[in-house]
Amino acid sequence: MTEHGAVDVDVVVIGAGVAGLVAARECARKGLTVVVFDAAETPGGFVATHDVAGIRLDSGAESFATRGGEKGKPGPVATLIADLGLGDDIATPNSRGAWVQLPDGAAPLPKLSLLGIPGAPLADDVRRILGWKGALRAQLDRYIPLLRVRPETDLGGIVRRRMGRAVLDRLVTPIVGGVHSASPNVIDVHAVAPGLTKAMTNQGSLSGAVLALLEERGTKVAAGSAVAGLDGGMYRLVEALVADCEKFGVEFRMSTAVRSTGPLHEPVEGNGVWTTTAASVDDESEPIELTSRAVVVATSFRTGLALLDGLGIDTGAPEAWPEPASVELATLVVDDTRLDAAPRGTGVLVATGVPGIQAKALTHATAKWNWLAQTAGSGRHVLRLSYDLDAVTPPPTKAQALSDASALLGLTLDESSVRGFALTRWNDSLAFATVGHRARVEALRSQADAVPGLLVVGAWMAGTGLAATVAQSRTAASDFAFELRTGAV
Ligand SMILES: Cc1cc2nc3c(=O)[nH]c(=O)nc-3n(C[C@H](O)[C@H](O)[C@H](O)COP(=O)(O)OP(=O)(O)OC[C@H]3O[C@@H](n4cnc5c(N)ncnc54)[C@H](O)[C@@H]3O)c2cc1C
């Protein structure tokens, strides 16, 4: 029973991913009692950790986008990390930059580019990838009059119209596929490159817009480096969030899946009562019921839709939502001093149609993060390959991962050099950024906002990635907690 009446707890949070942890912390810091349910054994969701060859590594997200702060200020993730006392441990990736693997060879990604869209199409590093013909076609963007960009439009269409097929196929498609697990032809430009179309209107061209955005973000540096990480791995963020939540009295119930949630009766003067039913995922014990004043839905996409459906919210036809992507990460730890020279910088993104290579991207983690190189020790390297999976594709084998890593790094890695190998599968990671997604999400959000005592947070509503997820969850949960505290809900 809380000070607010005959309920078990003020707030039930469903899901202990970063969105749920941030929401739980905001509520608890405002003096509300909070219980967090998560179906998994450990908190963190897509931010997870594992041990490979005795090295603690991230097995999900390994960095965060630094954008999102007001001019000159740190972004939402860096601000949260600093609030949790880990500000000095923010790590900047090595400035070597990443490469792209094309069917006819590999090349470093152009320095002045955004999602592969070149800011200076005739620069040497762009011509190396596009050839003169492709580069001149891309440069035409400077001279083609700019028509109005539709409010919601696909990134692929814009790039193709302004700069031609070569930029789309050889630069933008591998990068967007690697980062967002989707083709640029279905990706909403506003979701992945906020401000790009506005900058196009101001600058009169796509390449001009890219330069303007890079200038604004202060990221005129090697491709892929508008991100940061944490010394020791991103999982430290989860550990710090959990510790802080516990300090404020949050109770965690792990390995417990929520089956349903809903208000018991119409709220009267702020006294709505929600009942949440959850069951252990480990045994057949009786489901438990918990009453609360409010509920935060912070699950991944499929569960979130089902829970909102159960609340009578119109979630639309299931087929209107894109199929969530499944990604398999293959981690290899190898002893090979040839990798000390970082032959492909911080990693390689793979264009479609490269014969013999199944991976869509490789991160040379020890070349990217100095803290990891030091932890691994001299000559030992961590390679992380990602694979898009569908229902019929089997997971990659160690031999496949080794063969892909060899091809992508331009040297033959010997099986005897392998010190550790691990596979991690991630399901239900929705390509948030598809065209039409924002409209679907807004339709859901406005219905959810009209339900007293309900808050929905998480990447499938906020936008894939920690920056968008943390920003949305922190702002929304802080307002929500304030309203609960002051009795406005
Ligand atoms: C392989 C991979 C790598 C990534 N790398 C990066 C990166 O480097 N940088 C970056 O910014 N972003 C990255 N992302 C994306 C980023 O990790 C996510 O956008 C973010 O972590 C999502 O957080 P969330 O809390 O919204 O959701 P999730 O992390 O999905 O958390 C949802 C939680 O809900 C729980 N849950 C589900 N159903 C139930 C239920 N019925 N009852 C109770 N609990 C339930 C789940 O167990 C899970 O813990 C990556 C994603 C993947 C898959």
Side-chain angles (χ1 to χ4, degrees), residues 12-24 35-48 58-68 75-77 93 178-181 224 226-230 233-235 237-238 241 252-261 276-281 287 295-307 310 324-331 347 360-361 363 365 368-369 384-389 423-433 456-473 477:
V12 162
V13 176
I14 310 172
V18 167
L21 293 174
V22 166
V35 167
V36 181
F37 286 111
D38 199 295
E41 213 175 313
T42 46
F46 289 146
V47 183
D58 286 316
S59 60
E62 49 109 52
S63 61
F64 58 91
T66 49
R67 65 165 195 270
V77 185
V179 177
H180 295 283
S181 297
V227 297
L230 261 179
M234 277 315 292
Y235 196 70
L237 170 62
V238 170
L241 277 169
F252 286 90
R253 302 212 186 155
M254 302 306 298
S255 304
T256 312
V258 168
R259 292 183 176 170
S260 66
T261 188
T276 301
T277 308
S280 164
V281 295
V295 163
V296 179
V297 174
T299 63
S300 35
F301 160 64
R302 286 266 180 241
T303 323
L305 268 193
L307 290 173
S326 288
V327 178
E328 187 99 36
L329 287 183
T331 304
K360 65 167 185 169
T363 304
K368 185 170 181 179
W369 305 108
R384 211 166 96 129
L385 295 116
S386 49
Y387 295 83
D388 273 337
L389 290 183
L423 285 176
T424 317
R425 187 176 189 132
W426 293 110
N427 293 318
D428 211 10
S429 93
L430 184 70
F432 166 89
V456 187
V457 293
W460 68 283
M461 297 288 282
T464 308
L466 294 170
T469 306
V470 167
Q472 182 235 1
S473 187

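Order of listing sets the numbers, starting from 1, for every ligand and every atom in it.
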Indicate yes or no: at least one non-hydrogen side-chain atom of [X] is less than 4.5 angstrom from one of [Y].
X      : Y      : value
Ser326 : Tyr387 : no
Glu328 : Arg425 : yes
Thr66  : Phe64  : yes
Ser59  : Trp426 : yes

Any idea which part of [X] is under 4.0 Å from ligand 1, heavy-atom wise: side chain, backbone, both or neither?
X      : value
Phe46  : both
Ser473 : neither
Thr303 : side chain

Using a strict 4.0 Å cut-off to heavy atoms of [X], name the atoms of ligand 1 that fall inside it.
X      : result
Ala459 : 19 (O), 22 (C), 26 (O)
Ser300 : 30 (O), 32 (C), 34 (O), 37 (C)
Val258 : 40 (C), 41 (N), 42 (N), 43 (C)
Gly60  : 3 (C)
Gly458 : 26 (O)
Phe37  : 43 (C), 44 (N)
Gly45  : 29 (O), 31 (O), 48 (C), 49 (O)
Thr469 : 19 (O), 23 (O), 26 (O)

Asp58 side chain vs Met234 backbone, donor-acceptor pair below 3.5 Å: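 Yes; at least one donor-acceptor contact below 3.5 Å.
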Ser63 side chain vs Gly229 backbone, donor-acceptor pair below 3.5 Å: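 No, Ser63 side chain to Gly229 backbone: no donor-acceptor pair under 3.5 Å.
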Among all protein heavy atoms, pick out the one at the shortest distance from [atom]; state its residue, atom name and that distance to 0.1 Å.
atom                    : value
atom 6 (C) of ligand 1  : Ala61 CB, 3.3 Å
atom 47 (O) of ligand 1 : Asp38 OD1, 2.7 Å
atom 8 (O) of ligand 1  : Glu62 N, 3.1 Å
atom 31 (O) of ligand 1 : Gly17 CA, 3.4 Å
atom 1 (C) of ligand 1  : Trp426 CD1, 3.3 Å
atom 25 (O) of ligand 1 : Ala19 N, 2.9 Å
atom 12 (N) of ligand 1 : Gly465 CA, 3.5 Å

Sub-4.0 Å protein heavy atom next to atom 27 (O) of ligand 1: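 Under the 4.0 Å cut-off, atom 27 (O) of ligand 1 has no protein heavy-atom neighbours at all.
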Residues in side chain to side chain contact (heavy atoms under 4.5 Å, CB included) contact with Val179, at least two apart in sequence or another chain: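 In terms of side chain to side chain contact (heavy atoms under 4.5 Å, CB included), with neighbours along the sequence ignored, Val179 is linked to Ile175.
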For atom 20 (C) of ligand 1, the option (of Val18, Thr299, Leu466) bearing the nearest heavy atom: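 Looking at heavy atoms only, the winner is Leu466.
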Option nearest atom 7 (C) of ligand 1 (shortest heavy-atom distance, choices Ser63, Ala39, Gly229):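 Result: the heavy atom closest to atom 7 (C) of ligand 1 is in Ser63.
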